[in-house]
Structure formats: structure tokens, C-alpha cells
J.: 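The structure that follows is given in the form of C-alpha cells.
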Amino acid sequence: MLKVLIPTIMLFPTIWLTSPKWLWTTTTAHSLLIASISLTWLKWTSETGWTSSNMYLAKGPLLTPLLVLTCWLLPLMILASQNHINPEPISRERLYITLLALLQTFLIMAFGATEIIMFYIMFEATLIPTLIIITRWGNQTERLNAGTYFLFYTLAGSLPLLVALLLLQQSTGTLSMLVLQYSQPLQLNSWGHMFWWAGCLIAFLVKMPLYGVHLWLPKAHVEAPVAGSMVLAAVLLKLGGYGMMRMMVMLDPLSKELAYPFIILALWGIIMTGSICLRQTDLKSLIAYSSVSHMGLVAGGILIQTPWGFSGAIILMIAHGLVSSALFCLANTAYERTHSRTMILARGLQVIFPLTAVWWFIANLANLALPPLPNLMGELMIITTLFNWSPWTILLTGLGTLITAGYSLYMFLMSQRGPTPNHIMGLQPFHTREHLLMTLHLIPVILLVTKPELMWGWCY
Amino acid sequence: MANYKEAPLATQPKTLDPAEYFNLSPDYRRAEEKRAALRAQLKRQYLEQLNNPHRKALIEDPALTRWTYARTNNNYFRPTAKTSLIGGLFGVLPLFVLYVVFKTDRDKREAKIKAGTYERPYKLST
């Protein structure tokens, strides 16, 4: 763990001390090195659930894919931001990359944490750099509104979590996950206990986001600059999922009864947000709502607490992280050229950008969960386990899959096919950097088809 | 044009009626000239942008801006009886209906498991 954490911390001096000519090259190269080192974590040698070299930071089959995703994403974020940050003065560029690296550090420590309090502190700490990125570097005036919604929704959800954690500490004497997994199932039989149960989970449900409390997500994703959108969609949502998976272990007897409202919200949310996607005119907003839809499926899979549900949830989280981030990068390429996110303004792109049309095609196919890509594998596992939980869910999840296919196809056909309007003809061709960005997103998704054991978690 | 007579079964279009352009008041004429001048200015601005060889950006269309603003901001939502009914029917009622459906289904299964009559349809060892 330290062999990744120390280079990440050393990224800060790198950012501030390189000469301006070499800033982007060095930071991208440094973060790519960190990403390659993090790939060594994927070699799983022990048979037990966790391996840790110290008591505070550990790796496990649940965390490792998420950690690798986080480390993989930093060079991609830096690559994606290069164009729109370049005109700014050099110290602001350094500040921007510092914020991204800070986010990376907090995320590594959050995912690797063994104490739940440390996870909580890092969970909250990731809010600050993201808020600064959204409100300072976003492009429209709505970014202030977006930052406010983002901050206050997440904070309001996580303050009950703090109280719940402190109560847990009082009653069990420890908050280390290594110890808590062996503790006795807690006696949970009064109203107070039900509030405690809800308090533990609300923070992660808001972060996921669950359908009823998802309002911050479209705003934050749309107003954030591309790196902000990428990290939000790919990793920060997964913090919620990961937190839920960890907490569900200790919440057991009550979850059977109390999880119903949240499962129902998640499943109905798939259909509602999917339908909203079909009516969107703003491209980033469509991708943001599709994130809510996929995460609804993940939330449903986690809340029913079955082995297949957990496996499906992890697989879908990793696959969705990569694909959603890829879609945001593509939307950003359209935005940088036409300076507008409206879908009808950037249509018929296939004629002038043929290779990019391939990336759009693959990313949209992945989004609509095409076999054999891991998106489908995750979704199928979750749908199957939900069917086992109650056969009626197949109506909701089946309709949800249909709507997902509908809006993904809509996104593809709207942006790529059709007659090319005149103002599009004069757009700048694609840079190699952007093609590299897209390959680095999509190649891992395709490679994961060949070795899904990396992502399965511990429940296979 | 002065001896234009309309076709027997058709009405005369308004623009060909001589009264339209011979009986105008000077105020109306001045206003109409100002409007024509504004239109010509706008058209000139648009054509300058359109034919500018160095132009790289899209020509901004205020109608499009208004349309996207209207579509993306939900400022036009007002809670009326109809919208509340639709919201309740699609947003609130399904949650309760689904709760009832899932709960009864799961409780039936739980009762069968407790009674020992539940046949497991799949053989899953893990």
C-alpha cells in the first residue's frame, strides 16, 4: 500500500517544482507510473479476505479493483484536462492538478482504510477538492448551485453516519473492520436501533445515489469540468457502494425488514431515471442520469445481501466507472469543439470523426450492457439475484434494461448518425491525446472480459 | 397590378389589397421603417458572421439558447391538480404498490420455508 501512497504524496512536490514546459508531461508520466504499480495489487496470493502490512491500510478482493480503478483514473483525468486548463496561468494549472492528486490520495486512503472512522474522514475529505473543482473550474453560472447541492446533500447524509459510528464505538469498543466482522450480531430491536441502522446507510445511499436523493448528481456532473465529472462518475459514486458493502456486514438482522423501501426506491429509480434520459437535450445530463440508473441497480444488488448481489455490484461498479468516465470524456470532446452541451448541436459526427465514432460506439455499447462486456455480467448477476429474491423484480429490471438500451442507442444515433450540420464541418480534428484517452478507458473494459476473476470480490 | 381582380371563388390576399399600402398613417409608416431597419441590421450581422472566413465558432442563435434553457431548467413546473396526480401516480403510488407486492411475496416464501414446504428451484452450492 505504501508503495503507491508515497509516490502519490510525492506527486505534490512534482507538480509544484517542475518547470512549466514539462508540467503536463511529468505529471501524466508520474501518475501513469503510480497506476502501473497499483496494477501489481491485482495479483492475489492469499486465501483470506484481507491482506494488510499494517493495521491501518489493507487490501482485499473487494477493495483492490476499486483502488486500481482510482489509480488508473488519475493519468486519464490529467490527460483529459490538458486542453481546457492550458490557457490559465501556471500556478492555477498546478493548483488544479494538486486538487486532482489530493483527491487521489484521499480516495486511496478511504478505500484502503481498515478503521471505519478513517474511512469516514476520508469520505468527507474527498468532498472538499471535488467542491473546489466544481465551483471554481465549472463553466456555467449554475456551478454554484451545483456545488451547494453536492456539498449539502452529502453532508446531510453523512452526519447521521458520524453519530452512528460513535454509537457503534461505544457499544462494541472498536471500529476496526478487521475486528467488527467477527463481532456478535448486535441486538437490534427498538426504534432507536432502527434509526441507527438508517443512519449507517443514508450517507452511502445519498452518495450512490439512491433515486429519491439523487438530485445533486445531475447538477454536479453537468457543471463540473471534465476531470471533475470523470472522478465523480467513476470513483466517488463507488465510495458509496463500497461503504454500503462494508456496513451491511454488521447491520444484519434488521436489514431484512428495513431494506425494503430502499430496494424499492432503487429499482423504481432505474426506470424513472432511464425514462428521463430519453427526454434529455443536454448530453452530459443524459450520461449523469444513466449513472443514477446503473447505480440504482448496484444499490439494489447490495441491499439484498446475497453473494451474487455483492459480486454483481462490484463488477458493475468497476465496469460502470470505466465506461461512464469514457462517455464523459467523449462528451467533453464535443463540448470543447462546439462549446455547447446541447445534443442537437453536435450531431452527425461520424462523417467527420470516424475513429471517434468507433469510441462512441464501443462506449455506448458498453453502457447498454452488451455481452460479453463486464457491464452485462454485473447487471445479469444482479438481475438474477433480484429475481431469486422476488420474481416480481424482473418486471422492473427487465424494463430498466430495455430503457437503458433505448437511451444508449439514442445517444449514439443522435451524436453520430444523421446529416452533419454545416457548422460542424469546420471543427478541429481529434488530437492523439484524446484518442489515447479513449483507448486507455476502453481497453481495460475489453480486457476485463478475459479475466473477470480480478473483479469478482470474495463471493464467487 | 391596379386592375387586379380576384378570382371568382378565392379571397384576395391581404398583401395585394391596395388599401394596405395606400392608406397608411405616417406614424405607422415611420414605425414600419424602423422595424425594417432593425431587421436589416440583424440580417447584416448574421450574414457578416456567416461569410466570415475566419469564423470557427457556431453562430449563436438566441432561440436555441432560450429553448435549451427552457428544457433544462424546470422553472416551468407548477404544482396543479393534474401534475400532482401524475406525480403521485408515477412517483409515489408505485413505491407503495411495490412494497405490498414484494412484502407479500417474501412473506409467503418465508412462511413456506418455516413450514418446510419451500422447494428450492436451483441447486446452488455457493
Side-chain angles (χ1 to χ4, degrees), chain A residues 140 142 145 211-212 215 218-219 222 256-257 259-269 271-272 275-276 279-282 284-286 304 306-308 311 337-346 384-393 395-396 421-424 426-428 458-460, chain B residues 46-47 49-77 83 86-114 118-126:
Chain A
Q140 271 79 32
E142 285 87 8
N145 196 10
Y211 173 57
L215 264 189
K219 291 189 202 281
V222 166
K256 267 201 331 196
E257 306 302 319
Y260 280 95
F262 301 115
I263 302 178
I264 291 169
L265 271 173
L267 290 176
W268 188 241
I271 300 187
M272 294 297 279
S275 319
I276 294 180
R279 293 281 297 165
Q280 286 297 323
T281 53
D282 181 336
K284 277 177 90 164
S285 195
L286 199 155
I304 59 180
T306 57
W308 273 32
S311 275
R337 284 167 175 75
T338 57
H339 290 290
S340 159
R341 292 193 299 259
T342 319
M343 282 174 76
I344 53 175
L345 276 184
T384 317
T385 184
L386 276 171
F387 181 71
N388 185 27
W389 184 78
S390 167
W392 295 94
T393 54
L395 294 170
L396 296 171
N422 281 334
H423 63 263
I424 299 276
L427 289 181
Q428 271 185 27
W458 71 94
C459 298
Y460 53 88
Chain B
Y46 178 74
L47 283 177
Q49 281 180 300
L50 186 66
N51 297 324
N52 179 6
H54 299 294
R55 172 178 67 87
K56 285 199 269 212
L58 185 62
I59 300 181
E60 194 190 285
D61 183 3
L64 187 63
T65 320
R66 282 196 297 266
W67 181 79
T68 49
Y69 177 79
R71 286 283 296 225
T72 54
N73 300 47
N74 294 333
N75 297 335
Y76 304 99
F77 174 75
T83 59
I86 294 180
L89 208 58
F90 282 96
V92 179
L93 187 66
L95 303 178
F96 291 104
V97 166
L98 287 171
Y99 181 76
V100 167
V101 166
F102 289 149
K103 197 89 171 66
T104 48
D105 186 50
R106 297 276 294 166
D107 286 343
K108 268 198 282 192
R109 189 186 293 191
E110 186 74 22
K112 274 212 256 181
I113 291 180
K114 287 211 167 102
Y118 179 60
E119 0 171 304
R120 310 226 161 230
Y122 316 109
K123 275 204 186 70
L124 292 174
S125 55
T126 50

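To find a chain, count down the sequence lines: A is the first, B the second, and so on, and within it residues start at 1.
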J.: In terms of heavy-atom proximity below 4.5 Å to chain A, should B:Glu110 be classed as side chain, backbone, both, or neither?
T.: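 The side chain, not the backbone.
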
J.: Using non-hydrogen atoms and a 4.5 Å limit, figure out which bit of A:Pro391 sits close to chain B: side chain, backbone, both or neither.
T.: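 Both parts, heavy atoms under 4.5 Å.
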
J.: Quick one: side chain to side chain contact (heavy atoms under 4.5 Å, CB included) partners of A:Gln140, sequence neighbours excluded?
T.: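 A:Gln140: side chain to side chain contact (heavy atoms under 4.5 Å, CB included) contacts with A:Glu142, A:Glu223, A:Tyr335, A:Arg341.
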
J.: Please classify the contact between A:Thr393 and chain B as side chain, backbone, both or neither, with a heavy-atom cut-off of under 4.5 Å.
T.: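 Both parts, heavy atoms under 4.5 Å.
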
J.: Below 4.5 Å from any heavy atom of chain B, which atoms of A:Ser390 appear? Answer side chain, backbone, both or neither.
T.: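 Contact with chain B: backbone and side chain both.
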
J.: Using a cut-off of under 4.5 Å for heavy-atom pairs, which of A:Thr338, A:Leu396, A:Leu427 has the most such pairs with chain B?
T.: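 The option with the most such pairs is A:Leu396.
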
J.: Where does A:Ile263 contact chain B at under 4.5 Å (heavy atoms): side chain, backbone, both or neither?
T.: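 Nothing of A:Ile263, per the 4.5 Å heavy-atom cut-off to chain B.
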
J.: Of the backbone (N, CA, C, O) and the side chain (C-beta and beyond), which part of A:Leu267 lies under 4.5 Å from a heavy atom of chain B, both, or neither?
T.: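 Just the side chain, heavy atoms under 4.5 Å.
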
J.: Heavy atoms only, distances under 4.5 angstrom: which of A:Arg337, A:Arg279, A:Gln428 has the most pairs with chain B? Name it, please.
T.: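 Among A:Arg337, A:Arg279, A:Gln428, the one with the most close pairs to chain B is A:Arg279.
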
J.: So A:Tyr260 and A:Trp389, ring pair (Phe, Tyr, Trp, His ring centres under 6.0 Å) or not? Walk me through it.
T.: CA-CA 11 Å; A:Tyr260 280 95; A:Trp389 184 78; 5.6 Å; yes

J.: Could you look at A:Ile271 and say if it's the side chain, the backbone, both or neither that has a heavy atom under 4.5 Å from chain B?
T.: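 Contact with chain B is absent: no heavy atom of A:Ile271 under 4.5 Å.
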
J.: Could you work out, with side chain to side chain contact (heavy atoms under 4.5 Å, CB included) as the rule, every residue matching B:Thr68, not counting sequence neighbours?
T.: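 A:Thr342.
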
J.: Using a 6.0 Å cut-off, check whether atom NZ of B:Lys103 has over 12 heavy atoms from anything other than its own residue.
T.: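 Yes - once you tally the heavy atoms of other residues, nucleotides and ligands closer than 6.0 Å, there are more than 12.
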
